[in-house]
Amino acid sequence: QVQLVESGGGLVQAGGSLRLSCAQTGRTIGTHAMAWFRQSSGNEREFVAAITWRFDNTYYADSVNGRFTISRDNAKNTVYLQMNSLEPEDTAVYSCALTGATKLPYRLIRSDGYDYWGQGTQVTVSS
(Lines give C-alpha, C1' and ligand atoms only; values in the text may rest on other atoms or scores of the structure.)
Protein backbone atom coordinates (compact mmCIF):
# COMPACT_ATOMS: atom_id res chain seq x y z
CA GLN A 1 0.00 0.00 0.00
CA VAL A 2 1.29 3.45 -0.87
CA GLN A 3 1.71 5.72 2.13
CA LEU A 4 2.59 9.39 2.27
CA VAL A 5 4.07 10.68 5.51
CA GLU A 6 4.30 14.43 6.13
CA SER A 7 6.51 16.17 8.65
CA GLY A 8 7.76 19.65 9.47
CA GLY A 9 4.61 21.43 10.57
CA GLY A 10 4.47 23.56 13.69
CA LEU A 11 3.93 26.98 15.18
CA VAL A 12 5.78 29.98 13.77
CA GLN A 13 5.47 33.74 13.99
CA ALA A 14 4.38 35.81 11.02
CA GLY A 15 7.32 36.44 8.72
CA GLY A 16 8.97 33.18 9.69
CA SER A 17 9.70 30.05 7.69
CA LEU A 18 8.92 26.35 7.79
CA ARG A 19 9.89 23.42 5.59
CA LEU A 20 7.45 20.58 5.08
CA SER A 21 8.47 17.14 3.87
CA CYS A 22 6.40 14.31 2.44
CA ALA A 23 7.94 10.90 1.93
CA GLN A 24 6.44 8.04 -0.08
CA THR A 25 6.76 4.86 1.98
CA GLY A 26 5.41 1.36 1.83
CA ARG A 27 4.79 0.17 -1.70
CA THR A 28 6.33 2.79 -3.97
CA ILE A 29 4.94 3.50 -7.40
CA GLY A 30 6.11 5.52 -10.35
CA THR A 31 5.32 9.15 -9.70
CA HIS A 32 3.98 11.62 -12.23
CA ALA A 33 3.44 14.47 -9.81
CA MET A 34 3.16 15.37 -6.16
CA ALA A 35 1.45 18.35 -4.64
CA TRP A 36 0.58 20.18 -1.46
CA PHE A 37 -2.93 21.21 -0.55
CA ARG A 38 -4.16 22.94 2.59
CA GLN A 39 -7.40 23.23 4.48
CA SER A 40 -8.15 25.76 7.18
CA SER A 41 -11.01 25.56 9.62
CA GLY A 42 -14.37 26.12 7.93
CA ASN A 43 -12.89 26.26 4.45
CA GLU A 44 -12.56 23.87 1.56
CA ARG A 45 -9.27 22.23 0.67
CA GLU A 46 -7.23 24.45 -1.62
CA PHE A 47 -4.31 23.87 -3.92
CA VAL A 48 -0.91 25.20 -2.83
CA ALA A 49 1.79 23.84 -5.15
CA ALA A 50 2.61 20.89 -7.41
CA ILE A 51 5.67 19.46 -9.11
CA THR A 52 6.07 16.89 -11.87
CA TRP A 53 8.64 14.19 -11.44
CA ARG A 54 9.95 13.81 -14.97
CA PHE A 55 10.34 17.42 -16.11
CA ASP A 56 10.33 19.24 -12.79
CA ASN A 57 7.46 21.51 -13.84
CA THR A 58 6.08 23.50 -10.93
CA TYR A 59 2.72 25.13 -10.31
CA TYR A 60 1.73 27.51 -7.52
CA ALA A 61 -1.40 29.09 -6.16
CA ASP A 62 -1.37 32.87 -6.58
CA SER A 63 -1.57 33.30 -2.81
CA VAL A 64 1.79 31.59 -2.23
CA ASN A 65 3.68 32.32 -5.45
CA GLY A 66 6.98 33.98 -4.60
CA ARG A 67 6.87 32.89 -0.95
CA PHE A 68 6.67 29.09 -1.20
CA THR A 69 8.92 26.74 -3.15
CA ILE A 70 8.15 23.13 -3.97
CA SER A 71 10.99 20.73 -4.72
CA ARG A 72 11.59 17.00 -4.87
CA ASP A 73 14.23 14.35 -4.26
CA ASN A 74 13.66 11.44 -6.62
CA ALA A 75 16.09 9.16 -4.83
CA LYS A 76 14.23 9.63 -1.55
CA ASN A 77 10.73 9.69 -3.10
CA THR A 78 10.21 12.88 -1.15
CA VAL A 79 8.66 16.24 -1.91
CA TYR A 80 9.35 19.39 0.06
CA LEU A 81 7.57 22.69 0.57
CA GLN A 82 9.73 25.57 1.70
CA MET A 83 7.47 28.25 3.13
CA ASN A 84 8.89 31.73 3.69
CA SER A 85 7.32 35.02 4.77
CA LEU A 86 4.51 33.12 6.41
CA GLU A 87 1.29 34.96 7.18
CA PRO A 88 -1.51 34.15 9.63
CA GLU A 89 -3.68 33.37 6.58
CA ASP A 90 -1.35 30.44 5.83
CA THR A 91 -2.55 28.66 8.96
CA ALA A 92 -4.03 25.32 7.89
CA VAL A 93 -3.55 21.58 7.79
CA TYR A 94 -1.18 20.88 4.91
CA SER A 95 -1.52 17.57 3.08
CA CYS A 96 0.61 16.10 0.36
CA ALA A 97 -0.79 14.14 -2.55
CA LEU A 98 0.55 11.91 -5.30
CA THR A 99 -0.53 10.70 -8.69
CA GLY A 100 1.20 7.99 -10.66
CA ALA A 101 -0.80 8.63 -13.80
CA THR A 102 0.08 11.28 -16.34
CA LYS A 103 -2.21 14.25 -15.94
CA LEU A 104 -2.63 17.49 -17.81
CA PRO A 105 -1.57 20.59 -15.87
CA TYR A 106 -5.14 21.71 -15.19
CA ARG A 107 -5.71 18.44 -13.31
CA LEU A 108 -2.62 18.90 -11.15
CA ILE A 109 -4.09 21.95 -9.39
CA ARG A 110 -7.25 20.05 -8.44
CA SER A 111 -7.59 17.62 -5.59
CA ASP A 112 -9.33 15.08 -7.83
CA GLY A 113 -6.14 14.85 -9.86
CA TYR A 114 -4.47 12.82 -7.11
CA ASP A 115 -4.84 9.24 -6.01
CA TYR A 116 -2.96 9.09 -2.72
CA TRP A 117 -2.98 11.45 0.25
CA GLY A 118 -1.03 11.92 3.44
CA GLN A 119 -2.62 12.43 6.84
CA GLY A 120 -1.73 16.12 7.02
CA THR A 121 0.43 18.29 9.22
CA GLN A 122 -0.69 21.39 11.08
CA VAL A 123 0.91 24.75 10.31
CA THR A 124 0.00 27.62 12.61
CA VAL A 125 1.22 31.15 11.98
CA SER A 126 0.78 33.62 14.84
CA SER A 127 0.47 37.36 14.29
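Applying the salt bridge (Lys or Arg N to Asp or Glu O under 4.0 Å) rule to pairs touching residues 70-79 yields Asp56-Arg72, sequence neighbours excluded. For the disulfide (SG to SG under 2.5 Å) condition, no pair includes a residue of residues 59-91, sequence neighbours left out. Applying the ring pair (Phe, Tyr, Trp, His ring centres under 6.0 Å) test to pairs two or more places apart or on separate chains, those with a residue in residues 46-85 are Phe37-Phe47.
Rounded to the nearest 0.5 Å, atoms CZ (Arg54) and CD1 (Ile51) are 15.0 Å apart. Rounding to the nearest 0.5 Å gives a distance of 12.0 Å between CD of Glu46 and CD1 of Ile109. Note that the CE atom of Met83 and the CZ atom of Arg19 stand 11.5 Å from one another [nearest 0.5 Å]. To the nearest 0.5 Å, atom CG of residue Asn65 and atom OG1 of residue Thr58 are 8.5 Å apart.
Between Leu108 and Ala33, the shortest heavy-atom distance links the atoms CD2-CB, 3.8 Å. Heavy atoms only, all atoms of each residue included: Cys96 and Leu4 are closest at SG-CB, 3.7 Å. Closest approach of Met34 and Cys22 over heavy atoms only: CE-SG, 3.8 Å.
Not a single side-chain hydrogen bond (donor to acceptor under 3.5 Å, both in side chains) links Ser7 to another residue, sequence neighbours left out. By the side-chain contact (heavy atoms from CB on, under 4.5 Å) test, Arg67 pairs with Val64, Ser85, Glu87, Asp90, sequence neighbours left out. With sequence neighbours excluded, no residue forms a side-chain hydrogen bond (donor to acceptor under 3.5 Å, both in side chains) with Thr52. By the side-chain hydrogen bond (donor to acceptor under 3.5 Å, both in side chains) test, Asn77 is found to be paired with no residue, residues two or more places apart in sequence or in another chain being considered. In this structure, the side-chain contact (heavy atoms from CB on, under 4.5 Å) partners of Asn84, at least two apart in sequence or on a different chain, are Ser17, Gln82. Scanning for side-chain contact (heavy atoms from CB on, under 4.5 Å) contacts around Asp112 gives Arg107, Arg110, with sequence neighbours left out. Applying the side-chain hydrogen bond (donor to acceptor under 3.5 Å, both in side chains) rule to Tyr94 yields the partners Arg38; only residues at least two apart in sequence or on another chain are considered.
When hydrophobic clusters are built by joining Ile, Leu, Val, Met, Phe, Trp and Tyr residues whose side-chain heavy atoms come closer than 4.5 Å, directly or via intermediates, Tyr116 is grouped together with Trp36.
Residue Ile70 is tested with Leu81, Val48, Leu20 for a side-chain contact (heavy atoms from CB on, under 4.5 Å); the sole match is Leu81.
Grouped by direct or indirect side-chain proximity (heavy atoms under 4.5 Å, Ile/Leu/Val/Met/Phe/Trp/Tyr only), Leu11 sits alone.
Here the side chains of Asp115 and His32 are not in contact, with every heavy-atom distance at 4.5 Å or above. Between Val79 and Leu98 there is no side-chain heavy-atom pair separated by less than 4.5 Å.
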Which donor-acceptor pairs under 3.5 Å do side chains of residues 117-127 form with protein atoms, sequence neighbours excluded?
| unit_1 | atom_1 | unit_2 | atom_2 | d |
| --- | --- | --- | --- | --- |
| Gln119 | NE2 | Glu6 | OE1 | 3.3 |
| Thr121 | OG1 | Gly9 | N | 3.3 |
| Gln122 | NE2 | Ala92 | O | 3.4 |
| Gln122 | NE2 | Thr124 | OG1 | 3.3 |

